[in-house]
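A quick note: this is a predicted structure, and the numbers were derived from the prediction, not measured.
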Amino acid sequence: MDTGSQDAEQLRLLSIFHYVVAGLLALISLLPLIHLAVGVGILTGAFDGAGTGEAPPAFMGWLFIAFPLAFIAFGLTMAACVAMAGRKLNQRRGHLFCLVVAGVECCFFPFGTVLGVLTILVLTRPTVRQAFGVADSGV
């Protein structure tokens, strides 16, 4: 098997794994929907008088809405970036974008870390850089 077909196969597999990790990220980022529902319940008065007869303060409701919304937005944005990187890997475009996403993926232990490191290793090969049309920097 020559180097070019080996690179193409590895890029194809990386692309598929990026789609899988993007799906997992999207799914995990939706877990705080439960907290969001609790926050909405606090603000609408669903928990008024539950047990002690005292309503929780409104700022708690806003906290239960703001933090989950931020987490969900960040998670879905990251999942979209990972999926986009998978598409760009398959099309051999956006070399720098794929490298940056691979670096950020390393923060998502364990799957993102493994995928990020493997992606960086493959993308830094001179033959892969050439396939992406990136000029060799001579480093």
Report the C-alpha distance between H18 and T119 in whole Å, list the side-chain angles of each, state the deciding distance to 0.1 Å, and finish with yes or no for side-chain contact (heavy atoms from CB on, under 4.5 Å). CA-CA 9 Å; H18 271 79; T119 303; 3.1 Å; yes
Take M78 and V104 through the side-chain contact (heavy atoms from CB on, under 4.5 Å) test and state the conclusion after the steps. CA-CA 9 Å; M78 191 61 212; V104 175; 3.5 Å; yes
Please lay out, stage by stage, how H35 and F71 fare under the test side-chain contact (heavy atoms from CB on, under 4.5 Å). CA-CA 11 Å; H35 296 88; F71 186 88; over 6 Å; no
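Residues P32 and P68 approach most closely at O-CB, 3.5 Å, considering heavy atoms. Taking every heavy atom of both residues into account, S15 and N90 meet most closely at OG-CB, 3.5 Å. G75 and S29 get closest at one heavy-atom pair: CA-CB, 3.5 Å. For the residue pair A79 and A26, the shortest heavy atom distance occurs at CB-N, 3.8 Å. The shortest heavy-atom contact between K88 and C98 is CB-SG, 3.8 Å.
With a 4.5 Å cut-off on side-chain heavy atoms, L36 and F67 do not count as touching.
Looking at residues two or more places apart in sequence or on another chain, you find no salt bridge (Lys or Arg N to Asp or Glu O under 4.0 Å) involving R87. Residues satisfying the salt bridge (Lys or Arg N to Asp or Glu O under 4.0 Å) test with R125, not counting sequence neighbours, are D7.
At least one donor-acceptor pair under 3.5 Å links the side chain of T124 to the backbone N or O of I120. Under the 3.5 Å distance criterion, the side-chain polar atoms of H95 are matched with a main-chain donor or acceptor of L123.
Between atom CG of residue L96 and atom CZ of residue F132 there is a gap of 11.0 Å, rounded to the nearest 0.5 Å.
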